[in-house]
Structure formats: structure tokens, C-alpha cells
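Letters A, B, ... mirror the listed sequences (proteins, then strands); counts begin at 1. Computed over heavy atoms, backbone and side chain alike; hydrogens, waters and symmetry mates excluded. Just so you know, these numbers come straight off a predicted model, no measurement behind them.
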Amino acid sequence: MGKVKIKNLKKSFGELEVLKDINLEVREREVICIIGPSGSGKSTLLRCINALEVATSGMVEVDGNDITGATDKDINKYRQNIGMVFQQFNLFPHMTVLENISFAPVTLKLKTKQEANEKALKLLRRVDLEEKANVYPEQLSGGQQQRVAIARALAMDPDVMLFDEPTSALDPEMVGEVLNVMKKLAKEGMTMIVVTHEMGFAREVADRVIFIDDGFIVEEGPPQELFGAPKNERTINFLNMVL
Amino acid sequence: MSIPELVVQNWSRLLAGLAMTVELTIISLIIAGMLGLLFGLLSVSKKKSLRAIALVYVDIVRGTPLLVQAFFIYFGIPAALGIRLDANTAGIITLSLNAGGYLAEIFRGGIESINKGQMEAARSLGLPYSLAMTKVILPQAVRTMTPALINQCIITLKDTSILSIIGIQELTQTGRLIIANNYQAFEMWTIVAVMYFVIIMILTKISKRIERKMSYGKSEN
């Protein structure tokens, strides 16, 4: 599982139309990187997938569930299946690292406290932070916090992971450790949609790169094609600026 | 009579007055806390109608003097409804509604001070709004609100003295009644003021300690 289907998606904030007509299908186990200039609508697109933003029109389907037309209760249910990692980590500062990770499964009564804690420790091992289980987020570096945030999302056993510029708020020396965790995840077959400015990561890990500008998908293709031989003039201009 | 002599002579009455003051404060603050939380939550609701209800309540509380509120509840409402309300009940209702309005604003401010990424992170994990609010937002909000909450407790304690006007025998009223007998206004008001001062200082000290304990990551050290 982990299919995402987006059809004729439009999103406006008041007068401002941010997404104009987005059509995208993501296959199971596929890794998609979304690139584009700031203000192009990349983050909004990502946030529409788990209904943090309510689409103005169009449809978003995750694993066959239409999230755009769902009731609040169903949306809560669908979200359990869609992990999200934020630019600003958004760890819960009043909980320890372990509590951050086991919090949702326990609170939603999906796991007992003991099961959730065992799973949390396993996930911490996966992101190489086992020794930090009992500290509070403020005692961690940005890179460590983001790795905990990834573990927290994985604790719900999601079929799809959304990453909203996960390394943009990090000091340069910490970008690598977060990207490594994401690479591992991609290798294990997680369906991932990553909004990023890390072109190296997109080139290396993505199955498909999507270039968004001005609310449209301007160009998409495998990284070798999109980076190696971009066709659209706007893509070429953008890549000239960032590479 | 000197101040120490007056204290000794009137000690049991003064203590009873102080006890009434503290009792009114505690009962009112408990009710006000519930009102404040309820209306604070309404005021951050996505529904405009719920926000409007909270706004009207807070505006009425803030827009009228406490004394007028007390008179309205003690004299006004019983007159209109043809009922009798004893002074203590009227006093507790007045203080609860009054402090509730201010606490609603404190709760609103506390909730709004929490980065909206916290709510989004909780919701993205599949938590419904109610659980995200009670388990993620409110625990953090209450921490930031602590100084303002303590401040409101002290204000409410002092506001009980206004209720002496409707005949509640709290500390201020007790002082007035004693002076009516012995005419020693200077000495008696000094004693009463010192008693208020001491109890508020004790509260302040306790709350400072709570505040320190509540900062993150230090609860285990």
C-alpha cells in the first residue's frame, strides 16, 4: 500500500490561487522529489495530501481513500496512515524523545504503552539515537530533532511519508545525517513524497522528480532526465539558479 | 489600645474573616478556572459563532466594574426574578464570572502562544482536535500561562474585599465591624492590610516555586 492519486487539485488562499491544476500519481514504493522556487506551491501540495490544507477543488486519494471529500473522523483515520515530517521538526517540547514517539499510538489506543515504548526504542535505534530516549527535545541538535521527528512519524506504521523541506532549517553539517535516514527509508521501500532543495538527494534517491512553478507541474521525469536534459525553459532557468 | 493588643483581642474574628476571604477565593477560582477554560477554548474555535459567544462574555466582564456586577447579581437579578439570593452565593457567582472572563483571555493567549506547528504535528499523526488540544496544546499553554494565572489568583483574592459591600463577612468587612465598635481606624486598617499582605506574599512564594518546577526538562533533576 502507499498509492497517492491527485486529480485536478486546486487550492486558493482568498484571491491567491496557489495550486492551479495538479495531477499526479504516485506508485507504491516510489520516491518522489518535488522541487521548485519558493512560493511555487510545493508545500501546499504536500499539505493537501494529508488535508492539513483543505483543497479548494479536485481530489486527493491515498490508498484508495478520498481525503478531500472525507468527514473529519475519516480524515483522522487516513492521517494515521500518512506520516509527515516538518521543516521545523515540531517535536512536542513537554515530552521526552521516547514519549514523543510513543505518544500517538498510545493516545489513539493502537498500542499499549509497553508495546509503543518497545517500538519507539527500535525506531530510535534505526535513526541512531537510542541513547537519547529520555532527554527532552530542546537538549538535542536540529539534526537529532529531525531524526526523532522521522521516528515519531514512523511509529504510526504509515504507508506514505511526506517530507516538507526536512533539511531547510538545519545547519549545513547536520543535513547529511537526516538525508541518510531518509535514504535508508527509501531503500526499505517506503513510499515517499519529499519537498526539497537538496538537488543531490533528489538526483540520488528519487525515482521521479517533479518541478513545480506557479501552481502547475511544469515538468516531471526520472532525475537523470530532469537534471540532465530538462526540456522546459522554466525548469532550465530554475536549475541554472540552484545548481 | 496598641496594635498588638488589638490583634490579641480580635484575633478569632480576624481569623474567621481571613478564612472567609480564602474560602471565597478558592471556590470562585475553581469555578472561574472551568469557565475560563471553556470560554478560552471557544475563543480559539474555528466556528465564528462560538468565538462570538466568548467575545461577548469577556467584553461584558471587562467592560463593567466588579462592584456593579456584584450589585447586579445580588440585588438586580433577585429583584427581576422574585427570588432571594444569599450574599455568599451572590459573592461567589460574581467573583467566578468576573475571574472567569479574565481567565478566558489568559487561556486564549496561552493557547495562541503555542506554535501552530504543534497542532499540525499532532493532527498529522491522526489525533482528533480534542486530543491534540488536551494532550499537546494545553499542557504547553498552561506552562506559559502560569505567571498570568497566579496574578489572576492574587487579583481575585483582593477583589473579595469588594464583596464586603454586600455584607459578606470576609476580612475587610470584619475590620469595618470591629472599627464600628472601637473607632481605632488607623490601627485596625493596618492590621487588616498586613494580613492581606502576608497571605498574598505566601501565595506568591508558593507560585514562584511551582513556576520554576514547570520549566521543561528539569522535572527529573
Counting only heavy atoms closer than 4.5 Å, note whether [X] contacts chain B via side chain, backbone, both or neither.
X	value
A:Leu162	neither
A:Phe89	neither
A:Ala104	both
A:Ile82	backbone
A:Arg152	both
A:Phe92	both

Kindly indicate whether the side chain of A:Pro105, heavy atoms from C-beta on, has any atom under 4.5 Å from the side chain of B:Leu125. no
Within the structure provided, determine whether A:Lys73 and B:Pro128 are in side-chain contact (heavy-atom separation under 4.5 Å). no
Going from OG on B:Ser124 to CG on A:Asp164, what distance comes out if it is rounded to the nearest 0.5 angstrom? 11.0 Å
Which heavy-atom pair separates [X] from [Y] by the least distance, and what is that distance?
X	Y	value
B:Val136	A:Met95	CG2-CE, 4.4 Å
A:His94	B:Pro139	CD2-CB, 3.7 Å
B:Gly126	A:Gln80	CA-CG, 3.9 Å

Does a donor on one side chain and an acceptor on the other come within less than 3.5 Å for B:Arg123 and A:Asn50? no
Can you confirm whether more than 12 heavy atoms, excluding those of [X], are under 6.0 Å from its [atom1] atom?
X	atom1	result
A:Phe13	CZ	yes
A:Lys119	NZ	yes
A:Lys113	NZ	no
A:Gln114	CD	no

Does B:Glu120 form a side-chain contact (heavy atoms from CB on, under 4.5 Å) with A:Met84? I'd like the steps, not just the answer. CA-CA 10 Å; B:Glu120 290 187 346; A:Met84 183 151 189; over 6 Å; no
Quick one: do A:Asn76 and B:Leu127 satisfy side-chain contact (heavy atoms from CB on, under 4.5 Å)? Show the steps, please. CA-CA 6 Å; A:Asn76 292 337; B:Leu127 266 74; over 6 Å; no
Keeping A:Asn90 on the side-chain end and B:Gly117 on the backbone end, is there a donor-acceptor pair under 3.5 Å? yes
Counting heavy-atom pairs under 4.5 Å with chain B, which one of A:Val85, A:Asp72, A:Ile75, A:Leu91 comes out on top? A:Leu91
Does anything in residues 85-144 of chain B form a ring pair (Phe, Tyr, Trp, His ring centres under 6.0 Å)? List the pairs, not counting sequence neighbours. none
Can you give each donor-acceptor pair under 3.5 Å made by side-chain atoms of residues 29-47 of chain B, sequence neighbours left out, with the distance rounded to 0.1 Å?
from    : atom 1 : to      : atom 2 : distance (Å)
B:Ser43 : OG     : B:Phe39 : O      : 3.4
B:Ser43 : OG     : B:Gly40 : O      : 2.7
B:Ser45 : OG     : B:Lys47 : N      : 2.9

Report which part of B:Leu131 has an atom under 4.5 Å of a heavy atom belonging to chain A: side chain, backbone, both, or neither. side chain
